[in-house]
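Everything below concerns the one structure shown next.
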Amino acid sequence: MYPYRPTVAGRAVNSNGSTSPEDDSRFIIGGIVYLDHASAAPWHPAALTTYLRVAETLFGDPTRRHVQGRRARDLLESARAAIARAFGGDPDRLVMTSGATEAVHLAVLGTVAGNRTRPARVVSTAIEHSAVLAAADAAGVEHVRVPVDGRGVVRLDALEDELRRGAVLVNCLHASHEVGSIQPLADVAALCRRYDALLHVDAAQTA
Ligand SMILES: Cc1ncc(COP(=O)(O)O)c(C=O)c1O
């Protein structure tokens, strides 16, 4: 069923270049080396198999009370509970979106709109995804960017300088989609706590 299983001389090619038929093949697709997994990747075979099975059998509208609707709702809620458990959160507070652009807009615009008594400033690292920067620019408050160092890691001293001036929200992504740097989120979170700012983490590349 998995459509992206390229072969070389009749043998599957997997992501580390070997041709073991057991392995998945995510990098060489139809004879082309595909290296844009940061933007989009072929589905994992297990996810694709599950998706097809669910689409075939549990297609009901989960808001309806008939049997198909209730079955779809049960599955949706068990998926929501499993995801919330993995992140240590409350299922009722988990919002599923169509993708990261929608999610970051909800997070940034919703946080600013819901916290009008806090300082009207948003602080973003200079290497946030354009979706985050656009949302913060559109939030109707001052939006400042803090630089990163030569390794693409946010400068905590610059972040602290901005937090001293007050902020409702800090946008700090987890892994950079452009240079791959991982941000020191524990340190960033500690600074946000110290200066009473909320923290939004775009983990689209690592979740
Ligand atoms: C870090 C980061 N944030 C947000 C997005 C936007 O994601 P989407 O294409 O799901 O809207 C991307 C897309 O690659 C991303 O890498």
Side-chain angles (χ1 to χ4, degrees), residues 2-4 15 24-29 32-48 50-52 54-55 76 79-80 82-84 86-89 91 93-115 121-141 143-156 158-159 162 167-189 191-192 197-207:
Y2 186 47
Y4 302 106
S15 49
D24 71 333
S25 341
R26 295 178 302 139
F27 291 94
I28 304 176
I29 295 167
I32 293 170
V33 177
Y34 177 78
L35 295 175
D36 195 17
H37 284 236
S39 288
W43 287 48
H44 187 282
L48 186 59
T50 305
Y51 173 79
L52 289 174
V54 168
L76 187 61
R80 194 189 303 281
I83 296 167
F87 285 100
R93 303 188 70 185
L94 179 76
V95 179
M96 296 192 193
T97 60
S98 63
T101 298
E102 185 185 343
V104 301
H105 275 74
L106 274 178
V108 173
L109 297 176
T111 301
V112 171
N115 291 278
R121 293 178 82 232
V122 172
V123 179
S124 302
T125 76
I127 56 167
E128 292 305 301
H129 190 273
S130 54
V132 173
L133 297 175
D137 282 343
V141 294
H143 179 205
V144 293
R145 302 175 195 203
V146 292
V148 295
D149 65 17
R151 294 174 302 123
V153 175
V154 63
R155 289 216 353 239
L156 294 172
L159 176 61
E162 292 300 342
V168 56
L169 178 68
V170 169
N171 291 312
C172 182
L173 80 179
H174 184 207
S176 163
H177 52 295
E178 284 173 339
V179 291
S181 52
I182 306 276
Q183 303 306 313
L185 284 181
D187 296 336
V188 171
L191 279 178
C192 289
L198 299 163
L199 173 61
H200 165 229
V201 177
D202 172 2
Q205 291 293 339
T206 45

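Index from 1, following the sequence. Read the numbers this way: they start at 1 and go in the same order the structure lists the ligands and their atoms. Keep in mind that the numbers below use all heavy atoms, side chains included, and drop hydrogens, waters and symmetry copies.
Considering backbone and side-chain N/O of Asp202, one or more are found under 3.5 Å from N/O of ligand 1. For ligand 1, the polar-atom distance check against Thr101 finds a nitrogen or oxygen pair separated by under 3.5 Å. Looking at Ala131 next to ligand 1, no N or O pair under 3.5 Å apart turns up.
Looking at heavy atoms from C-beta onward, Leu94 lies in side-chain contact with Met96 at the 4.5 angstrom threshold. Taking the side chain as every heavy atom from C-beta outward, Leu173 and Val132 never approach each other to under 4.5 Å. Side-chain contact check for Ser181 versus Ile127: some heavy-atom pair is nearer than 4.5 Å.
For ligand 1 and Gln205, the ligand atoms under 4.0 Å from any heavy atom of the residue are 14 (O), 15 (C), 16 (O). Taking every non-hydrogen atom of His177 and a distance limit under 4.0 Å, the qualifying atoms of ligand 1 come out as 1 (C), 16 (O). Heavy-atom proximity to Ala204, at under 4.0 Å, picks out these atoms of ligand 1: 1 (C), 2 (C), 3 (N), 15 (C). Heavy-atom contacts of Gly99 reach the following atoms of ligand 1: 10 (O) (cutoff under 4.0 Å).
Of the possible donor and acceptor atoms, one in the side chain of Gln183 sits under 3.5 Å from a partner among the backbone N and O of Gly152. Using modelled atom types, no side-chain atom of Arg121 and backbone atom of Val144 make a donor-acceptor pair closer than 3.5 Å. Checked by atom type and distance alone, the side chain of Arg145 never pairs as donor or acceptor with a backbone atom of Glu128 at under 3.5 Å.
Just one residue in the list Glu162, His200, His143 forms a side-chain hydrogen bond (donor to acceptor under 3.5 Å, both in side chains) with Ser124, and that residue is His143.
The closest protein non-hydrogen atom to atom 7 (O) of ligand 1 is Ala100 CB, 3.2 Å. Among all non-hydrogen protein atoms, the one lying nearest atom 15 (C) of ligand 1 is His129 CD2, 3.2 Å.
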